[in-house]
Amino acid sequence: MKTENTNQVGKHAFEVSGLGLAPFRFVGMSENAVSYPDGTSKAGGSCDYCGTGIRFECHIVSSDNVSSKVGCECIRKVGDAGLLQAYKASPEFRAHQRALRWEKAKSVTAELTALLESRRALLESQPHPRGFADRQTGKPLTAWDDVQWYFSRCGAAGRARWLKQLKAAPAV
């Protein structure tokens, strides 16, 4: 927050807004959501700094032991490097980021599977790109076999790249 007030120049943004005296410590994070019968949910709390509705509350404590809850974006925006580093190093933040990555990986895998299944007949009719054959039976492999081999061996990033390439390719 920029100000011309000489009493506030150089003070921490949280201190200016009345959340206590700097320095501030990050002490944890929690989820606060309101769930509705139709399965939807929304933010259940509000940021003590800006008043915005927040779902993930970051708990901070000032040097004079005033506890507050602020949003993740407010922690990022105030410019307190130590507070931001403590937030990003917290087990709660890392668990949240991991859950987001897993959700993205699941949706990419589902979308890629559906896209490949829609092209399965075409891929089964084409020969293997490198002309490989089954080791036991000697039967020639198909392009579908090649796709299955790659699909079973690539990770989340590989599947995301593959999906991006297939979406960019002209539909067959």
Side-chain angles (χ1 to χ4, degrees), residues 24-47 49-50 52-61 69-172:
F24 293 88
R25 288 182 299 125
F26 176 83
V27 293
M29 186 170 142
S30 62
E31 184 174 2
N32 183 357
V34 176
S35 298
Y36 295 105
D38 65 352
T40 60
S41 63
K42 71 173 192 172
S46 65
C47 177
Y49 174 64
C50 68
T52 303
I54 53 175
R55 181 181 193 116
F56 297 99
E57 299 172 340
C58 298
H59 302 282
I60 60 170
V61 176
K69 60 185 179 348
V70 294
C72 306
E73 288 301 313
C74 288
I75 284 191
R76 288 188 189 116
K77 290 179 183 177
V78 295
D80 186 337
L83 192 59
L84 182 60
Q85 182 180 6
Y87 161 66
K88 287 187 173 182
S90 72
E92 298 94 345
F93 174 79
R94 293 192 336 257
H96 177 64
Q97 293 299 313
R98 189 171 34 255
L100 291 175
R101 283 192 306 271
W102 274 105
E103 286 302 315
K104 181 180 178 188
K106 281 196 279 186
S107 69
V108 165
T109 300
E111 191 175 352
L112 180 60
T113 302
L115 188 59
L116 291 175
E117 282 296 326
S118 71
R119 299 179 182 185
R120 183 176 183 160
L122 175 67
L123 292 168
E124 286 179 336
S125 67
Q126 296 176 346
H128 192 280
R130 288 172 294 287
F132 291 162
D134 188 299
R135 290 182 181 173
Q136 296 173 347
T137 63
K139 177 184 166 193
L141 294 176
T142 65
W144 177 253
D145 296 320
D146 190 42
V147 165
Q148 292 298 87
W149 187 87
Y150 277 109
F151 189 84
S152 67
R153 286 164 177 79
C154 68
R159 289 181 183 176
R161 270 192 311 274
W162 201 6
L163 179 62
K164 185 178 178 182
Q165 290 171 352
L166 286 174
K167 281 182 168 182
V172 198

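One is the number of the first residue; the rest follow in order along the sequence. Owing to the predicted nature of the structure, the values given are computational and were not obtained by experimental measurement.
With a 4.5 Å cut-off on side-chain heavy atoms, Leu123 and Gln126 count as touching. Proximity of Arg130 to Asp146: side-chain heavy atoms (C-beta onward) are separated by under 4.5 Å at one or more points. Taking the side chain as every heavy atom from C-beta outward, Tyr49 and Val78 approach each other to under 4.5 Å. For the pair Gln85/Phe26, no side-chain contact is recorded, criterion being any heavy-atom separation below 4.5 Å from C-beta on.
Aromatic ring orientation, Phe151 versus Trp162: tilted (interplanar angle from 30° to 60°).
Heavy atoms only, all atoms of each residue included: Glu124 and Thr142 are closest at O-CG2, 3.4 Å.
In terms of modelled atom types and a separation under 3.5 Å, the side chain of Arg55 and the main chain of Glu31 share no donor-acceptor contact. With hydrogens and angles ignored, the 3.5 Å screen pairs no side-chain donor or acceptor of Arg76 with any backbone N or O of Leu84.
The structure places CZ of Phe93 at 9.0 Å from SG of Cys58, a figure rounded to the nearest 0.5 Å.
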* **Criterion side-chain contact (heavy atoms from CB on, under 4.5 Å) on Met29 and Tyr87, from CA distance to verdict** => CA-CA 8 Å; Met29 186 170 142; Tyr87 161 66; 3.8 Å; yes

* Using the side-chain contact (heavy atoms from CB on, under 4.5 Å) rule, take Val70 and Ile75 through it: C-alpha gap first, then chi angles, then the decisive distance, then the call. => CA-CA 7 Å; Val70 294; Ile75 284 191; 3.7 Å; yes

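Around atom CH2 of Trp149, more than 12 heavy atoms belonging to other residues, nucleotides or ligands sit under 6.0 Å away.
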